[in-house]
Amino acid sequence: KQEVTQIPAALSVPEGENLVLNCSFTDSAIYNLQWFRQDPGKGLTSLLLIQSSQREQTSGRLNASLDKSSGRSTLYIAASQPGDSATYLCAVTETSGSRLTFGEGTQLTVNP
Amino acid sequence: DAGVTQSPTHLIKTRGQQVTLRCSPKSGHDTVSWYQQALGQGPQFIFQYYEEEERQRGNFPDRFSGHQFPNYSSELNVNALLLGDSALYLCASSRPGTGIEQYFGPGTRLTVT
């Protein structure tokens, strides 16, 4: 059974810092990995999608890497802003279908 | 282009009652998945519908059932509600095929009292 773990559970940083969020998964037989952002009480917004054959994806100040063999992904956020405050979730898609298995998220607070 | 829509936004029900939640997928998408997200936790997969059939199911009891209509919209039904069913219910849609990026709706907040 696939299990996804995110570390840390919560993170508080001053504005302008570069930061790294970690995600690990137990079964390396994944098809892709997605990073999502969730604002309190809201739905999920997809940030980055990495196919299993890729090593990283970039969008603006966000960069996500994937090391499938070691079961790890990182989300790097450059020059953090208060508007980045949210919960960040990673999820993997299994090769047998498109169901997503999620971690429990990292709650990020960026202080002005 | 409308994204994934869900209704209602919020719902309050009493233990033992039944509830129906609705989802319309993003244009061009034909696969709909439902997730339950308890407070402070990651979403848990309930089931997925494709071509009006349940294609995959997570570890949820038979009280949770669904339906997909010919226009690809979907309903989630929960019978005999328990206090523990209180959660944010998320619908996601994707294009045909496996491993395609999923787009989520805003969710329905269900409170069972």
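Note that these values count all heavy atoms, side chains included, but never hydrogens, waters or copies made by symmetry. The sequence lines fix the lettering, A, B, ..., with proteins before strands; numbering per chain opens at 1.
- In the displayed structure, A:F25 atom CZ is contacted under 6.0 Å by more than 12 heavy atoms of other residues, nucleotides or ligands.
- Annotation: side chain of B:F45 is not in contact with side chain of A:F102 (no heavy-atom distance under 4.5 Å).
- One finds the CD atom of B:Q44 at 9.0 Å from the CZ atom of A:R99 (value rounded to the nearest 0.5 Å).
- There is a side-chain donor-acceptor pair under 3.5 Å between B:E101 and A:S46.
- Sparse packing is recorded around CZ of A:R55, with 12 or fewer heavy atoms of other residues, nucleotides or ligands lying under 6.0 Å away.
- The number of heavy atoms from other shown groups lying within 6.0 Å of CD (A:Q107) does not exceed 12.
- Once rounded to the nearest 0.5 Å, the distance linking CG of B:N59 with NZ of A:K1 reads 7.0 Å.
- Using a 4.5 Å cut-off between heavy atoms, B:F47 does not touch chain A at all.
- With a threshold of 4.5 angstrom between heavy atoms, A:L44 approaches chain B through its backbone and through its side chain.
- With values rounded to the nearest 0.5 angstrom, A:Q34 atom CD is found 7.5 Å from B:F104 atom CZ.
- Counted within 6.0 Å of NZ on A:K42, heavy atoms from surrounding residues, nucleotides or ligands total 12 or fewer; the atom is thus considered open.
- Between B:P43 and A:L100, every side-chain heavy-atom pair lies at or beyond the 4.5 Å cut-off.
- Note that OG1 of A:T93 and CD of B:Q102 are 6.0 Å apart. Values are rounded to the nearest 0.5 Å.
- For CG of B:L82, the number of neighbouring non-hydrogen atoms (other residues, nucleotides, ligands) closer than 6.0 Å is greater than 12.
- Contact of B:Q37 with chain A is made through the side chain alone, with heavy-atom distances under 4.5 Å.
- Here the closest heavy-atom approach between residue A:Q38 and residue B:L88 is recorded as NE2-CD2, 3.8 Å.
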